[in-house]
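Working notes, beginning with the structure itself.
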Amino acid sequence: MALLTALVAFVYHLPQVYKWLLKPYYLASTFMALVFLLVRKCPGICENLPSQREDGNSCDFDWREVEILMFLSAIVMMKNRRAITLEQHLGNIFLFSKVASVILFFRLDVRMGLLYLTLCIVFLMTCKPPLYMGPEYVKYFNDKTIDEEIMKDQRVSWLVEFFANWSPECQSFASVYADLSLKYNCEGLKFGKVDVGRYGEVCKKYKVSTSPMTKQLPSLILFQGGREVQRRPQIDKKGRAVSWKFSEENIIREFNLNELYQKHKKLSKNKDQGPETQFEKTPEEGAAEQENPEEEEEESETETKKDK
């Protein structure tokens with residue numbers, strides 16, 4: 001039954017998947033990942049390629065190429081165990097396929113290896129993964145508005161993501177963060193983002209590293225009462241980021257989003273009921289009045305005598 005449900009869901013979302021995969025970045029990445037297989041199997045080209053096979057068939061893989069491809073499959077499976085989104089799975093496949101293709105082309109012919117390596121460098125410099133453009137309840141800050149918004153109403157809790165567009169981890173996390181904002185955004189719990197790649201002063205103030213080798217992107221910081229109360233990933237005494245998996249389940253658990261949402265949802269309901277609710281009697285006060293009705297009558301009689 002679970003397999004059938006997953007199959008139905010895949011078929012239902014198939015048009016969206018096709019639309020997403022037909023973007024230039026994924027088309028070019030797929031070609032770059034498969035180009036060695038195409039060269040080795042393409043009639044008219046493979047006959048002129050060198051081969052170490054005993055039968056001399058240059059249109060089939062030799063034992064070393066099979067060994068490299070099997071090692072590639074094992075590496076991709078190990079890396080994808082920690083992948084969260086479909087973008088991360090595909091990113092791992094594309095990355096290690098290109099690395100394996102560089103090795104295979106250099107082994108086949110140095111000139112072909114140099115040509116393929118040049119294509120990879122050009123692709124890396126000119127073609128970037130598409131940014132997430134789906135629905136979200138997220139406010140984007142700059143270096144000035146982030147402090148103003150957090151301090152404007154200290155009753156509001158803010159979960160802010162510090163990200164950079166050049167970071168693959170941030171790009172993969174974008175859809176997860178957007179889904180969380182759709183589920184948990186309310187009047188007292190809001191979601192924000194700030195691009196530390198554009199606003200360098202922000203990363204200095206909130207101690208978020210923007211180094212190309214950093215493990216701090218993305219960073220999630222929870223602000224309550226206008227101050228930071230929690231962040232992930234945490235920073236150890238040496239200033240290094242502690243490894244942490246940015247999955248939806250981990251974020252909900254670590255930041256107590258369910259409890260925060262219920263708390264702020266109740267506060268927003270009380271606020272919508274108006275100022276009259278502030279003067280309502282508590283259950284204890286109502287019970288005390290029911291137990292002493294005679295005292296209320298005596299007080300009312302004394303008040304009428306004074307008026308006369």
- Query: Sequence neighbours excluded, which residues qualify as disulfide (SG to SG under 2.5 Å) partners of C59?
  - Reply: C46
- Task: Nearest 0.5 Å please: distance from the CG atom of D153 over to the CD atom of E187.
- Result: 8.5 Å
- Output every pair passing salt bridge (Lys or Arg N to Asp or Glu O under 4.0 Å) with a member in residues 172-186, not counting sequence neighbours, ordered by first then second residue. K183-E248
- Message: So E149 and K139, do their side chains get closer than 4.5 Å, heavy atoms only?
- Response: yes
- Query: Among all residues two or more places apart in sequence or in another chain, which pass the ring-ring contact (aromatic ring centres under 6.0 Å, His included) test with Y25?
  - Reply: F123
- Look up atom CZ in R198 and atom OG1 in T210, then write down how far apart they are to the nearest 0.5 Å. 14.5 Å
- Item | Intermediate values then yes/no, side chain to side chain contact (heavy atoms under 4.5 Å, CB included), I252 and L180 | CA-CA 8 Å; I252 294 172; L180 289 171; 3.9 Å; yes
- Show which residues join Y137 in its hydrophobic cluster (side-chain heavy-atom contacts under 4.5 Å, direct or indirect), or state none. L182
- For K204, the salt bridge (charged side-chain N to carboxylate O under 4.0 Å, His left out) test, sequence neighbours excluded, returns none
- Item | Closest contact, heavy atoms only, V122 versus T126 | O-OG1, 2.7 Å
- Qualifying salt bridge (Lys or Arg N to Asp or Glu O under 4.0 Å) pairs, either residue in residues 99-122, two or more places apart: D62-R107, E65-R107, D109-R111
- Looking at OG1 of T214 and CZ of R240, how far apart are the two atoms once the value is rounded to the nearest 0.5 Å? 12.5 Å
- For residues 31-78, pull every pair meeting ring-ring contact (aromatic ring centres under 6.0 Å, His included), keeping only residues two or more places apart or in separate chains. F36-F105
- Query: Honestly curious: do L119 and I45 fall in one hydrophobic cluster under the side-chain, below-4.5 Å linking rule?
  - Reply: yes
- Message: Distance check, rounded to the nearest 0.5 Å: L189 atom CG versus E259 atom CD?
- Response: 11.5 Å
- Message: On a heavy-atom basis, which atom in C42 and which in E47 lie closest, and how many Å separate them?
- Response: O-OE1, 4.4 Å
- Task: Report yes if the side chains of K190 and L159 come closer than 4.5 Å at any heavy-atom pair, otherwise no.
- Result: no
- Could you list who else is in V160's hydrophobic cluster, with ILVMFWY side chains joined at under 4.5 Å, directly or through other members? F141, I146, I150, V156, W158, F162, W166, V194, V196, Y199, V202, Y206, V208, L217, I221, F223
- Item | Beyond-backbone contact of I235 with V242, side-chain heavy atoms, under 4.5 angstrom | no
- Quick one: closest heavy-atom pair of A164 and D195, and the distance? CA-OD1, 3.6 Å
- Message: Set out, in order, the CA-CA distance, both residues' side-chain angles and the distance that settles side chain to side chain contact (heavy atoms under 4.5 Å, CB included) for R253 and N250, then state yes or no.
- Response: CA-CA 5 Å; R253 182 180 64 255; N250 284 350; 2.7 Å; yes
- Rounding to 0.5 Å, atoms CG (L222) and CG (L257) come to a distance of 8.0 Å
- Query: Which residues satisfy the side chain to side chain contact (heavy atoms under 4.5 Å, CB included) test with N48, sequence neighbours excluded?
  - Reply: none
- Message: For residues V39 and V110: do they belong to one hydrophobic cluster (side chain heavy atoms under 4.5 Å, members Ile, Leu, Val, Met, Phe, Trp, Tyr)?
- Response: yes
- Message: How long is the straight-line distance from NZ of K41 back to CG of L34, given to the nearest 0.5 Å?
- Response: 13.5 Å
- Would F173 and E161 satisfy side chain to side chain contact (heavy atoms under 4.5 Å, CB included), going step by step from the backbone distance to the final call? CA-CA 10 Å; F173 180 63; E161 178 196 356; 3.5 Å; yes
- Contacts of type side chain to side chain contact (heavy atoms under 4.5 Å, CB included), residue V138, not counting sequence neighbours: E136, Y140, Y177, S181, F191, K193
- Query: Considering only heavy atoms from C-beta outward, does the side chain of E254 approach that of L220 to under 4.5 Å?
  - Reply: no
- Task: Report the C-alpha separation of Q216 and S219 in whole Å, then their side-chain angles, then the decisive distance to 0.1 Å, and conclude whether the side chain to side chain contact (heavy atoms under 4.5 Å, CB included) test is met.
- Result: CA-CA 6 Å; Q216 293 187 38; S219 282; 3.9 Å; yes
- Item | Modelled atom types, side-chain donor and acceptor of Y261 and N185, under 3.5 Å | no
- Listed partners of M151 passing side chain to side chain contact (heavy atoms under 4.5 Å, CB included), at least two apart: Q154
- Message: Taking side chain to side chain contact (heavy atoms under 4.5 Å, CB included) as the definition, give me every residue that meets it alongside K215, ordered by chain and number, with sequence neighbours left out.
- Response: A241
- Task: Identify the heavy atoms of S101 and A33 that sit nearest to each other, and give their distance.
- Result: OG-O, 3.9 Å
- Message: Tell me the closest heavy-atom pair linking G200 and C203, and the distance in Å.
- Response: O-SG, 2.7 Å
